[in-house]
Asker: 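Dropping a structure here in structure tokens format, bear with me for questions.
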2 protein chains.
Amino acid sequence: MQNKLFDFIAKYIALTEDEKNALLSLNLFHSLKKGSVLLKEGQYSNESFFVLKGCIRTYYMIDGEEKTTAFYTEMDAFTPSCVISKTPSDYFISCIEDSILTISNADMEAEVNSKFPKFELMCRKLSEELLAKQRIDFDEFKTSSPEERYLNLLQKRPDLIQRVPQHQLASYLGIKPQSLSRLRSRILEKKN
Amino acid sequence: MQNKLFDFIAKYIALTEDEKNALLSLNLFHSLKKGSVLLKEGQYSNESFFVLKGCIRTYYMIDGEEKTTAFYTEMDAFTPSCVISKTPSDYFISCIEDSILTISNADMEAEVNSKFPKFELMCRKLSEELLAKQRIDFDEFKTSSPEERYLNLLQKRPDLIQRVPQHQLASYLGIKPQSLSRLRSRILEKKN
DNA sequence: ATAACCCGTTCACTTAAGTTAAGAAATACC
DNA sequence: GGTATTTCTTAACTTAAGTGAACGGGTTAT
């Protein structure tokens with residue numbers, strides 16, 4: 001499981017054994033049960049996550065309804081926006097499945113960054129890459145219909161459709177659960 | 001105009017006079033006429049932008065129609081995703097108004113970053129901040145209707161509604177120009 | 001075993017966005 | 001200054017999403 005973390009980091013920088021050991025000494029690895037809540041609306045946090053196994057989601061509570069806006073699965077890194085803005089969180093984060101994550105906090109990162117400046121470089125590259133990817137995702141969302149978004153998701157993240165409840169997928173696609181259900185049966189009809 | 005750039009940088013790191021002069025020697029400042037195209041679909045680029053004055057937009061050409069997905073105005077920094085992914089651009093970038101931008105390229109940035117490591121820190125902070133902000137924007141987009149998005153934009157970026165053509169705003173809101181026009185008149189009716 | 005609850009689907013109805021077309025208003029061009 | 005082009009609005013019609021309600025299957029709890 002540790003190797004998954006190092007494989008991920010290797011995409012951005014090369015680590016020495018010393019640096020790997022320094023990371024391992026931080027005790028980053030955590031197991032979490034399905035349904036565990038990592039962050040609640042209104043809370044402050046300075047923790048960042050990296051998913052080794054399982055799936056976590058972010059969701060807003062609006063008019064008593066959950067609105068799921070993002071899923072993070074194996075090899076996804078994620079820093080909640082409230083950590084960056086230093087404001088109370090607007091959303092919840094919870095585990096959809098039993099999961100194994102690394103959880104780091106801003107202090108750890110500051111320490112590692114000062115000890116090993118190349119981590120700074122990794123963080124920059126990673127943020128830039130995630131920003132660019134998210135921009136593309138956002139653009140695709142804006143320029144397509146709910147049905148196109150669903151078909152697009154089917155291509156790009158077919159696992160999500162299997163492992164995530166429909167009503168959570170619906171808000172991820174920007175629609176209501178009933179509409180997703182209808183849209184799916186419409187697609188099935190077309191195939192026949 | 002140079003001070004605008006330094007004011008922006010000052011939000012992230014403190015610069016010495018030497019560092020400021022090093023930046024100025026790079027000849028970053030450019031004036032562009034309304035309608036100038038900065039990047040075309042299919043092109044490679046390694047240029048990043050910072051808007052000192054004016055407005056630029058990104059747009060896709062889909063089925064012969066322009067789909068505008070983003071606007072960048074005064075004090076906005078922007079690196080196209082194709083610069084990060086090193087692939088041909090999926091979209092166009094052009095000036096909506098006569099504009100003054102700084103245009104830097106990856107080589108310049110590498111040089112500055114190696115001369116002044118604190119620039120690396122600035123880039124990381126900036127990317128993280130933009131990523132967090134964009135996440136919030138995306139979430140708001142997903143969880144609201146076209147009408148709510150329009151009203152939200154009216155609050156957050158009222159200038160855009162004045163300076164940007166309606167049909168470009170429409171695709172930015174994820175709808176057709178006719179729908180935006182109708183939606184606006186619907187809102188006016190409600191007020192009376 | 002039964003009840004309570006959650007989830008996904010379906011249906012009928014409402015509302016709003018997409019589409020096509022036409023015309024008015026504003027802007028750009030010669 | 002007048003013409004051409006683009007932009008915005010309006011309208012009628014189509015299509016799809018939102019809403020509220022009901023049903024069945026499945027799980028959980030008691």
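Throughout, a chain's letter reflects where its sequence line sits, starting with A, and its residues are numbered from 1.
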Asker: Can a salt bridge be assigned to the pair B/D137 and B/K133 using a cut-off of 4.0 Å between side-chain N and carboxylate O?
Answerer: no
Asker: For A/Q166 and D/dG26, what is the distance between atoms CD and P respectively, to the nearest whole Å?
Answerer: 15 Å
Asker: Calculate the interatomic distance between A/L169 atom CG and C/dT9 atom C1'; express it in whole Å.
Answerer: 15 Å
Asker: State whether B/F71 and B/R157 meet the cation-pi test: NZ (Lys) or CZ (Arg) under 6.0 Å from the six-membered ring centroid, and within 45° of the perpendicular axis.
Answerer: no
Asker: I'd like to compare against my own output: the B/S/- annotation of nucleotides 11-30 of chain C with a strict under-4.0 Å heavy-atom distance to protein.
Answerer: -----SBBSB-------S--
Asker: Got B/R135 and B/D139 here, is their nearest side-chain heavy-atom distance under 4.5 Å?
Answerer: yes
Asker: Taking 4.0 Å as the cut-off, does a side-chain nitrogen or oxygen of B/H167 come that near to OP1 or OP2 on D/dC8?
Answerer: yes
Asker: Does the distance from a Lys or Arg side-chain N to an Asp or Glu carboxylate O, for A/E147 and A/R184, drop under 4.0 Å?
Answerer: no
Asker: Is B/K34 paired with B/D98 through a side-chain N to carboxylate O contact shorter than 4.0 Å?
Answerer: no
Asker: Rounded to the nearest Å, what distance is computed from the CG atom of residue A/L173 to the C1' atom of nucleotide D/dG18?
Answerer: 16 Å
Asker: For A/L180 and D/dT19, give me the distance from atom CG to atom P, rounded to whole Å.
Answerer: 15 Å
Asker: Measure from the ring center of B/F141 to the ring center of A/F138 and say whether it is less than 6.0 Å.
Answerer: yes
Asker: Name the nucleic acid region contacted by A/P165, choosing base, sugar-phosphate or nothing; use a 4.0 angstrom heavy-atom cut-off, strictly under.
Answerer: sugar-phosphate
Asker: Once you round it to whole Å, what is the distance between P of D/dT19 and CD of A/E65?
Answerer: 8 Å
Asker: Atom CG of A/D63 and atom C1' of D/dT19: how far apart are they, to the nearest Å?
Answerer: 14 Å
